[in-house]
Structure formats: C-alpha cells, structure tokens
Amino acid sequence: MRVFRARVFTPIADPFTTDSAKSYTYYDDGFLAIDGDRIVGIGDWRDVPRQSSSLTQLGRDIVIAPGFVDTHLHAPQLEMIGSYGGDLLEWLNRYTFPTEAKFRDPVHAAMVARVFFDELLRNGTLCALIFSTIHEEATDIFFAEAERRGFRAIIGKTMMDRNAPDSLLESPRDSYDQSRALLQKWHKRGLLRYAITPRFAPTSTPELLEAAGQLKREFPDAYVHTHISENRNEVQWVHDLFPEAEYADVYDRYGLLDERTVLAHGVYLSEEELELLARRGSRIAHCPNSNLFLGSGLFRLHHTLEAGVAVGLGTDIGAGTTPSMFTTMADAYKVQQVQGISLSPFQLWYLATLGGARALSLGDECGSLEPEKSADFLMLDLKSTPLVALRSERASSVEDLLAGLIFTGDDRVVRECWIGGQMVASRS
Ligand code: GUN
Ligand code: ZN
C-alpha cells in the first residue's frame, strides 16, 4: 500500500441534484491510500491506516484531486487550433478537412499523437473521448500512443462518405470493415475502448449510418460518438438532407442512440429531441470554448440536465482553443453567466471530473477519489505560479480555492498525473 499526505478534494455526488455540501469531500490535511491500481482509502490524516508501507508527505501546497475527463475532442485538430474566421461549416471546409487529410501519412499521425497525449497529460486530463480521422492507420497510431502512455481513452475512426473532399471520403463498406477491425483490436484492451464515430449526419449517407448501426448491433457495448445541433446552419442542412426527421431522429433511426452514445454540443435541440435522448439514455458533451470560438451559440445546461440528459465537458480541440479543463470550466461558467445563471465551483469541477466520467459510463472506474475505483489522480500545486499562490492563500473556503484554480490555473498547476496507480506524467 502507498499513502500520500496532502490536501485532498473530490466530488462524490451530482451538485446539480444534491445539496452542494454533500456533493464533495475535502480534507485540509488528508490522505489518499492506493494499493496496486486501486484506491483503498481516503480521509482525514488523523484516520490514516497505520500499516502503511510507503508514505509520501506532499504538504499543504498540494491538492490531490481526480483527473479531468474530456468528453469530446479531435486529436488530428491539435495543429489547427485558432484557425479563425467563419462559422462551423466554413471552418470545416476551409481548415479542418485539409488538416485531417494530412493524416493519410502515418509519420505525421505519429508525431501529432505524441504531442496530443503530452498536452492532455500536461493539463491533467486522464480520460478522454477522442475523434481520429477517417484513416485506419492513423487511428491505430492514436490507440497505440494512448496505450504506451497508460492513458484511459475512447477513440474511433471517423466515418464519412459525403460532403467532404474526395480524399476524406470512403465507401460505407470500407468504413464498416476498417472500423470493425479497429474495434476488434482495441475495444476493451486495457484502459482503451472503441467508439463508432460517424462524423455527423451531413457527412453521412443513409447507407453509412446503416453501416454504423450494424456495427453497434454487433458490438452493443461499443460507444457511439458524433456531433449534433451545434450550429443553426448545420441543423437546417440536416433538415434538407433528411427531410422526414429531426436531427436526433436521424441517429435514432439507425440504432445509434443508447446510453453509450455521446453527442457533442446539442445547442439547438428541441424539446422532443431532448426527450428522445433522455429516453435512450444518450449523453451530451458540452464544449463551451468551441461554441464561443465558432460563435455556435449558448448551451442551455440546466434545461438539458432537467430534461434528464447527462452532460460532460469537452474541449472540442481544435474548434476549442485549449486542452485545458481549467479554461473549459471557466468558459462553461461564462456561457451560463451570459444567460443569467451562475454555476458554482463544485458544479464546474463535477462536470470536469465525475460528471464527465458518468457521461462516458466510466463513473464506477474513475472521475472521483473513492475506494475501489482506479487510482487515477492529480497532484495540483498551489504554489505553481505567483498568481495561483496569491489567489490560493487568500481563499476563504474550499469553494473559493476551487474558484481560484478554475480562473487562474493552467498546466503549470498540474504537478503529477497518476493513472491506475502509476505515475504517467510529472512536471519535475
Ligand atoms: N461537426 C462535424 N465535424 C466537426 C468538427 O470537426 N468540429 C466541430 N466542432 N463540429 C463538427
Ligand atoms: Zn467536435
């Protein structure tokens, strides 16, 4: 057994439905005990188990906290962050498709994969749901890099067969065959999972969605990862392409909505669509930084939650401009502020950790520091920058401490990352 002594914070329940005082635990002088890949204890230092074989004293400047969970991002778009001008559909055509076409080259894919997982870990993200490109080999490379890092990832090969440059189109048959091969190789291998990943309805013919649905029927515990109702022009386009249905119905018709389905954005969903998603148990990845960057719109968080749809937070790199879940929490706060709603630091931190893990159906495994869960955690350094130190010193409560970290924190705060009881990244 290994014991760490430090401040310890973790969400333990949903602060949108639970009294916020009961939604977390915090120990000013606490401990986290791990054994192998599991958490075996967390509590006040006075109650530490005495048989500890190895003790690490981290001191009061370190907060042990669960790793961040990024519920939606695109690995190949890392290199195009900040591609400015234009809304979603212009941005896809002008920047995104040409960038993704480069991933035909495995050398390029391998280079980006290394930087990508470096950046996630540097920022304290220990679990993520990731789009690759249409390329089978590049997708395999992203999986292999995640495995090499000991990273907990759900990845999928993008499926597309219309409305993109020829170099990014495939036949539904090839899309099915390649997705199936990757799924069989990687799904449930260690910490890795496969997501069946049709890009979104506009780049899919009915035949492609049928192929995706066929895969889902064959592998019901695989994830489905796609986009929905991000932008008004996109929603209109879907109505033109699939005139007989609402956007969510298009996915539902092909059997693509269940509790392992994660849909990015959901800014413009109708009441009927929200009700359908709630009935199917499907999840929304809210990506505030991306929604602001592309000018997509303002996500109605409470409305979505109250409809019974679980929500996680995503960076949506590279429409999102940062891999940082600190900045993403800050942007989620601002997106609600301009709608007259103030989220608490506990609500934001929940969305970035346990809420995200639950949105990915991984809430029993990660997202919080609780006995029997995987020993996935961060060491956050309250002295990492002069500003973080100043802001943390004057924090009047744990709530205020978290608020300070959300708005002044960045990758420099993340001292160490541990996944499954192994240190996977360190600043020192
Ligand atoms: N909708 C379809 N593809 C994409 C993408 O790559 N990024 C975002 N933000 N939305 C999309
Ligand atoms: Zn996206």
Side-chain angles (χ1 to χ4, degrees), residues 70-103 112 116 128-135 138-139 142 154-165 168-169 195 197-204 208-209 212 223-238 241 247-248 250-251 256 261-269 283-299 311-323 328 331 335 356 359-360:
D70 187 340
T71 62
H72 175 73
L73 79 168
H74 300 252
Q77 295 175 13
L78 191 67
E79 64 183 273
M80 55 170 286
I81 283 176
S83 295
Y84 58 92
D87 77 348
L88 170 67
L89 302 177
E90 293 161 332
W91 174 89
L92 281 172
N93 286 313
R94 199 184 308 160
Y95 303 111
T96 314
F97 293 147
T99 300
E100 293 194 7
K102 290 162 68 181
F103 286 74
V112 173
F116 178 76
L129 173 57
I130 302 165
F131 258 74
S132 175
T133 59
I134 69 152
H135 306 97
T139 308
F142 285 123
I154 309 166
I155 307 176
K157 187 195 99 65
T158 304
M159 307 171 80
M160 291 202 266
D161 73 338
R162 65 167 154 172
N163 293 319
L168 286 180
L169 298 180
T197 309
R199 179 174 215 116
F200 66 157
T203 48
S204 310
L208 186 91
L209 294 173
Y223 289 82
V224 173
H225 186 197
T226 187
H227 298 89
I228 196 167
S229 282
E230 174 178 5
N231 164 295
R232 285 207 167 89
N233 296 328
E234 171 211 7
V235 173
Q236 183 56 50
W237 195 17
V238 172
L241 292 169
Y247 204 154
V250 174
Y251 295 137
L256 293 171
T261 302
V262 180
L263 305 148
H265 307 299
V267 177
Y268 296 105
L269 293 169
R283 320 293 162 86
I284 294 288
H286 169 40
C287 307
N289 182 283
S290 163
N291 293 163
L292 295 170
F293 180 75
L294 289 175
S296 300
L298 300 174
F299 181 64
V311 175
L313 272 188
T315 61
D316 193 25
I317 281 174
T321 57
T322 176
T328 304
D331 288 339
V335 163
L360 301 184

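Each ligand, and each atom within it, is numbered from 1 in the order the structure gives. Heavy atoms only: backbone and side chains are in, while hydrogens, waters and symmetry mates are out.
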Sub-3.5 Å pairs, protein N or O with ligand 1 N or O:
unit_1   : atom_1 : unit_2 : atom_2 : d
ligand 1 : 3 (N)  : Arg199 : NE     : 2.8
ligand 1 : 6 (O)  : Gln77  : NE2    : 2.9
ligand 1 : 6 (O)  : Arg199 : NH2    : 2.7
ligand 1 : 9 (N)  : Glu230 : OE2    : 2.9
ligand 1 : 9 (N)  : Asp316 : OD2    : 2.7
ligand 1 : 10 (N) : Glu230 : OE1    : 2.7
ligand 1 : 10 (N) : Glu230 : OE2    : 3.4

- request: List the steps, then state whether side chain to side chain contact (heavy atoms under 4.5 Å, CB included) holds for Phe299 with Ile284.
  value: CA-CA 11 Å; Phe299 181 64; Ile284 294 288; 3.9 Å; yes
Side-chain donor-acceptor pair present, Tyr247, Glu234, cut-off under 3.5 Å: yes
field: side chain to side chain contact (heavy atoms under 4.5 Å, CB included) assessment of His225 paired with Arg199
entry: CA-CA 8 Å; His225 186 197; Arg199 179 174 215 116; over 6 Å; no
message: Around the Zn ion (ligand 2), how many protein N, O or S atoms are found at less than 2.8 Å?
response: 4
query: For Leu263 and Tyr251, what are the C-alpha separation, side-chain angles and deciding distance, and is it a side chain to side chain contact (heavy atoms under 4.5 Å, CB included)?
result: CA-CA 10 Å; Leu263 305 148; Tyr251 295 137; 3.9 Å; yes
query: Asn231 and Ser296: side-chain donor and acceptor closer than 3.5 Å?
result: no
query: Leu89 and Trp237: side chain to side chain contact (heavy atoms under 4.5 Å, CB included), yes or no, with the steps?
result: CA-CA 10 Å; Leu89 302 177; Trp237 195 17; 3.9 Å; yes
task: Determine whether the side chains of Tyr223 and Thr261 contain a donor N or O and an acceptor N or O closer than 3.5 Å.
output: no
message: Can you see whether Asp316 engages Asn289 through a side-chain donor-acceptor pair at a distance of less than 3.5 angstrom?
response: no
field: His72/His286 aromatic ring centres below 6.0 Å
entry: no
